[in-house]
*Asks:* 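The structure that follows is given in the form of structure tokens.
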Amino acid sequence: AMEKSNMSMFLLLLAISCTLAKDVGKKDTKETAAKPKLPQTLSRGWGDQLIWTQTYEEALFRAKHSNKPLMIIHHLEDCPHSQALKKAFAEHKDIQKLAEKFILLNLVYETTDKNLAPDGQYVPRILFIDPSLTVRADITGRYSNRLYAYEPSDIALLHANMQKALKLLKTEL
């Protein structure tokens with residue numbers, strides 16, 4: 001039960017830190033001065049040449065109207081697991097190519113849509129939504145305690161799951 005109370009505490013802290021972060025604004029100017037970074041794009045490093053949507057609402061709208069599935073990546077900039085997965089994702093040529101067939105969104109905050117956290121609000125997690133705006137809870141990774149988590153070593157599975165999200169689309173519509 002210890003883990004459960006820790007988790008709710010963590011979520012509480014997360015909620016607090018997210019609201020604080022909005023007010024602080026540009027607190028990382030010191031870091032940027034030290035090492036010049038490329039201008040921040042919506043890709044946040046997950047694939048700079050891909051087209052990323054800005055908000056969940058925009059992503060849903062575009063999925064519905066383009067008849068493409070939506071891939072949502074929840075991650076945090078200071079989470080080492082998110083960073084590692086991002087690197088593997090960005091460097092995987094086949095995934096980057098396949099990603100062009102999706103409406104893409106990566107989020108560093110949670111949406112209010114509970115359907116995007118079928119088994120909790122952990123990062124990194126990747127969910128697929130089909131153009132009928134149904135969350136594909138059946139497309140999962142290999143961890144039973146975090147169904148939508150992927151490690152860098154699972155990159156082939158993620159690629160297969162992307163193909164699955166596209167294939168089911170063709171047979172269902």
*Asks:* Say whether, by atom type as modelled, one donor and one acceptor occur between the side chain of Asp130 and the main chain of Arg136 under 3.5 angstrom.
*Replies:*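 No; judged by distance alone, with no hydrogens or angles, the pair does not exist.
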*Asks:* State, to 0.1 Å, how close Trp52 and Leu105 come at their nearest heavy-atom pair, and which atoms those are.
*Replies:* CE3-N, 3.7 Å
*Asks:* Is there a donor-acceptor pair closer than 3.5 Å between any side-chain N or O of Arg62 and the backbone N or O of Ala59?
*Replies:*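 Not at all, since once roles are kept as given, no pair shorter than 3.5 Å links the two residues.
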*Asks:* Before giving the answer on salt bridge (Lys or Arg N to Asp or Glu O under 4.0 Å), spell out for Glu91 and Lys86 the whole-Å C-alpha distance, their side-chain angles and the decisive distance to 0.1 Å.
*Replies:* CA-CA 8 Å; Glu91 290 173 0; Lys86 177 198 294 195; over 6 Å; no
*Asks:* Are Leu133 and Tyr56 joined in one hydrophobic group, where the rule is that I, L, V, M, F, W and Y side chains link up if heavy atoms are under 4.5 Å apart?
*Replies:* yes
*Asks:* Mind running salt bridge (Lys or Arg N to Asp or Glu O under 4.0 Å) on Asp119 and Arg146 for me, showing each step along the way?
*Replies:* CA-CA 7 Å; Asp119 64 345; Arg146 294 166 298 146; over 6 Å; no
*Asks:* Would Phe102 and Phe128 satisfy ring pair (Phe, Tyr, Trp, His ring centres under 6.0 Å), going step by step from the backbone distance to the final call?
*Replies:* CA-CA 9 Å; Phe102 289 81; Phe128 297 94; 5.8 Å; yes
*Asks:* Has Gln121 got a side-chain atom pairing as donor or acceptor with Ala117's backbone, closer than 3.5 angstrom?
*Replies:* no
*Asks:* Might you point out which heavy atoms bring Tyr148 and Pro118 nearest each other, and give the distance in Å?
*Replies:*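 That closest heavy-atom pairing would be CE1-CG, 3.6 Å.
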*Asks:* Of the non-hydrogen atoms in Leu116 and Thr111, which two are nearest, and what is the gap between them?
*Replies:*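 In this case the closest contact between Leu116 and Thr111 is CD1-OG1, 3.4 Å.
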*Asks:* So Leu104 and Ile51, side-chain contact (heavy atoms from CB on, under 4.5 Å) or not? Walk me through it.
*Replies:* CA-CA 7 Å; Leu104 299 167; Ile51 297 165; over 6 Å; no
*Asks:* Test side-chain contact (heavy atoms from CB on, under 4.5 Å) on Thr134 and Ile129; report intermediate values, then the result.
*Replies:* CA-CA 5 Å; Thr134 308; Ile129 298 180; 5.8 Å; no
